[in-house]
Amino acid sequence: MASKRPFCDADFFCPVCRDVFDHPVVLPCGHSGCKDCIEQYWRVSDSRQCPLCRQISANNPSLNLALRNLCQAFLDHRRYLEELCEVHHEKRTLVCCDDEQILCEICRESEEHRNHTCRPVQEIAEEHKAVLLGKLGLLKEKMHLMKEVNVENDFAGMNIQGQATYLENQIKDSFKHLHQLLDDEEKAMLNELKLEKEKKMESLKDKIEKIGEEIGMLTTIIKDLKKELDSGDIRIIQNFKDTLMRAECKFQDPEMTAGDLIDSVKYLGNFKLNVWRKVRRSISYSPVVLDPNTAHIYLTVSDNLTCVWYGFEITEPIPDNLERFDRCPCVLGSVGFSTGTHTWDVEVEHNSSWMVGVATESVQRKGTNCLSSGVWCIGLKDEILSVTDPLESHVPLLGFEKPAAVRVKLDLSAGRLSFSDLLCENVYHTFTHNFTETVFPFFFTDCHYPLTILPGVKPEEI
């Protein structure tokens with residue numbers, strides 16, 4: 001009769017993580033490993049091979065109950081041995097605070113420790129557990145935050161794909177109205193869009209992969225910390241410093257960054273004008289184009305980025321990116337001004353609730369009323385025409401009829417912002433202010449009739 005091979009310590013260690021088996025599973029080839037280790041190995045290798053013999057596993061491995069029970073007995077026995085004094089073979093129940101050693105009662109009475117301060121092992125272990133539990137809570141919060149940000153990144157990725165598809169369709173539709181000789185320009189622009197989409201997606205992929213790696217590391221740290229907390233008071237005390245060092249979280253909090261979305265204005269703003277520069281044929285020119293990445297979710301911006309209107313229907317989810325207004329139904333122009341004189345005309349005839357003017361680049365876009373600071377504008381509400389600035393708030397303008405179109409003229413050199421009627425040239429109001437910050441064309445409406453930026457005279461250099 002063959003003799004049974006005696007167990008050695010190595011029989012209880014996972015071949016992947018080199019630690020005592022945790023929820024061991026047995027593969028069809030007969031080899032065992034921790035459940036989490038086998039699953040992680042399969043994810044990394046992208047195959048269901050055994051880590052030892054490379055045999056493919058067709059089914060999910062089953063729990064190795066016998067090995068789990070043996071591992072638990074092994075851990076209990078090891079813990080029992082760790083609790084015994086190596087010299088006196090008595091249970092170690094005290095901690096020498098001076099030497100940071102774990103002692104039995106006989107060691108305490110020795111000449112080496114007789115005059116030292118000693119405390120019960122249980123007290124010290126409980127204090128260390130409290131510190132480690134605090135670290136565990138912080139790590140769990142960090143992982144929860146990273147998972148939430150990862151969900152936002154996934155959503156942003158889907159939106160980038162949607163934006164790219166939408167922009168591609170718009171570009172193709174616009175190019176259908178141009179002559180065949182412009183085909184090269186169409187291909188060049190589509191290629192530029194493709195490169196930008198790939199760049200944005202690659203950047204987002206890097207963020208997602210980085211957070212995924214950090215989540216994986218946090219998972220491992222949390223798993224080790226949980227295992228350490230269950231390893232017994234003696235082991236906790238012995239490994240406390242190393243465990244505390246491993247539990248330090250050095251990952252920075254993930255942050256949303258501006259400019260993650262595709263720049264729609266680059267492709268659709270003044271689209272025909274930019275394409276037809278080569279042949280110098282006259283087309284309409286818009287002095288201001290809207291930036292849809294800043295538009296409130298209830299606002300709809302036209303395909304050519306010159307009209308905006310209000311509506312409750314949202315056809316697809318819209319990301320709450322940093323540039324977007326989230327409380328007021330506002331949208332900004334795509335280009336900010338810091339010098340020179342700029343003029344644009346806005347058709348407001350059928351709109352019953354609107355504001356047009358300028359806003360500073362730092363205007364509050366999140367969580368509060370954006371009109372409280374950083375906005376200079378004229379508007380109509382309840383058939384009353386009024387002007388708004390950061391200091392005087394709403395000031396009614398009396399004696400004027402409702403305009404059909406408003407001209408906005410910004411002279412940054414002179415520090416003047418004026419609003420006039422485009423048809424009769426009545427000047428409604430002029431602000432005098434030294435604009436030290438870049439300002440953007442500003443539009444507000446909560447009416448379903450559009451505000452339309454009217455075509456202007458092309459700059460001479462075009």
Side-chain angles (χ1 to χ4, degrees), residues 35-37 39-40 42-44 46 130-166 196-229 243-264 291-299 312-331 362-370:
K35 182 176 182 294
D36 290 343
C37 292
E39 291 177 351
Q40 184 176 3
W42 285 352
R43 284 195 300 269
V44 173
D46 197 24
V131 175
L132 295 178
L133 284 171
K135 291 292 183 181
L136 179 62
L138 291 175
L139 291 171
K140 286 182 176 179
E141 290 179 4
K142 180 76 69 175
M143 186 167 71
H144 178 71
L145 175 61
M146 288 185 173
K147 286 183 177 179
E148 286 185 342
V149 173
N150 225 16
V151 171
E152 292 295 328
N153 286 337
D154 289 338
F155 174 56
M158 290 187 295
N159 192 265
I160 288 175
Q161 291 282 11
Q163 272 191 305
T165 301
Y166 167 78
E196 182 170 359
K197 182 191 76 171
E198 291 174 351
K199 180 179 178 181
K200 300 287 186 181
M201 292 301 297
E202 186 64 29
S203 175
L204 189 64
K205 180 181 177 181
D206 292 342
K207 292 180 183 179
I208 293 174
E209 288 180 352
K210 181 179 178 182
I211 292 178
E213 291 173 359
E214 293 177 348
I215 289 175
M217 288 187 286
L218 283 172
T219 301
T220 301
I221 295 173
I222 291 171
K223 175 185 173 183
D224 293 344
L225 194 52
K226 286 181 177 178
K227 186 180 292 185
E228 188 68 25
L229 289 169
T243 304
L244 194 62
M245 185 178 299
R246 293 199 306 269
E248 289 293 336
C249 182
K250 300 179 181 179
F251 305 122
Q252 296 182 351
D253 291 344
E255 297 180 352
M256 296 294 289
T257 56
D260 285 338
L261 302 180
I262 291 177
D263 186 1
S264 304
D291 184 356
N293 289 344
T294 67
H296 186 272
I297 60 173
Y298 286 160
L299 292 183
F312 289 103
E313 182 179 356
I314 301 177
T315 57
E316 59 184 25
I318 299 175
D320 186 21
N321 50 296
L322 294 179
E323 302 94 333
R324 193 178 307 282
F325 289 92
D326 70 351
R327 182 171 177 180
C328 297
C330 309
V331 62
S362 63
V363 64
Q364 185 66 39
R365 307 186 192 194
K366 304 293 183 185
T368 187
N369 186 354
C370 66

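In this structure, CD1 in Ile211 is found 5.0 Å from CG in Asn153, a value given to the nearest 0.5 Å. Taken from CG in Leu145 to CG in Asn150, the straight-line distance is 10.5 Å, to the nearest 0.5 Å. Distance check, rounded to the nearest 0.5 Å: CG of Leu139 to NZ of Lys142 gives 9.0 Å. One finds the CG atom of Leu299 at 9.0 Å from the OG1 atom of Thr294 (value rounded to the nearest 0.5 Å). Between Met143 atom CE and Ile221 atom CD1 the span is 10.5 Å, to the nearest 0.5 Å. With rounding to the nearest 0.5 angstrom, the CD1 atom of Ile222 is 8.0 Å from the CG atom of Leu225.
Checked options Lys200, Lys199, Met201; the residue passing with Lys197 is Met201 (criterion: side-chain contact (heavy atoms from CB on, under 4.5 Å)).
The shortest distance between side-chain heavy atoms of Val149 and Lys207 does not fall below 4.5 Å. For the pair Asp206 and Glu202, the minimum side-chain heavy-atom distance is below 4.5 Å. When side chains are defined from C-beta on, Leu136 counts as touching Leu229, because their heavy atoms get closer than 4.5 Å. Using a 4.5 Å heavy-atom threshold, the side chains of Lys140 and His144 count as separate.
In this structure, the side chain of Arg324 engages the main chain of Ala295 through a donor-acceptor pair within 3.5 Å. Not a single donor-acceptor pair under 3.5 Å links the side chain of Gln40 to the backbone N or O of Trp42. Here the side chain of Glu196 pairs a donor or acceptor atom with the backbone of Asp263 at under 3.5 angstrom. A donor-acceptor contact shorter than 3.5 Å links the side chain of Asn293 to the backbone of Ile262. Here the side chain of Thr165 pairs a donor or acceptor atom with the backbone of Gln161 at under 3.5 angstrom.
Crowding of Asp46 atom CG: a count of heavy atoms from other residues, nucleotides or ligands under 6.0 Å not exceeding 12. The number of heavy atoms from other shown groups lying within 6.0 Å of NZ (Lys223) is above 12. Annotation: Lys366, atom NZ; neighbour count of heavy atoms from other residues, nucleotides and ligands within 6.0 Å is above 12. Atom NZ of Lys227 has more than 12 heavy atoms from other residues, nucleotides or ligands within 6.0 Å.
A pairwise comparison of heavy atoms in Leu261 and Pro319 identifies CD1-CG, 4.0 Å as the closest pair.
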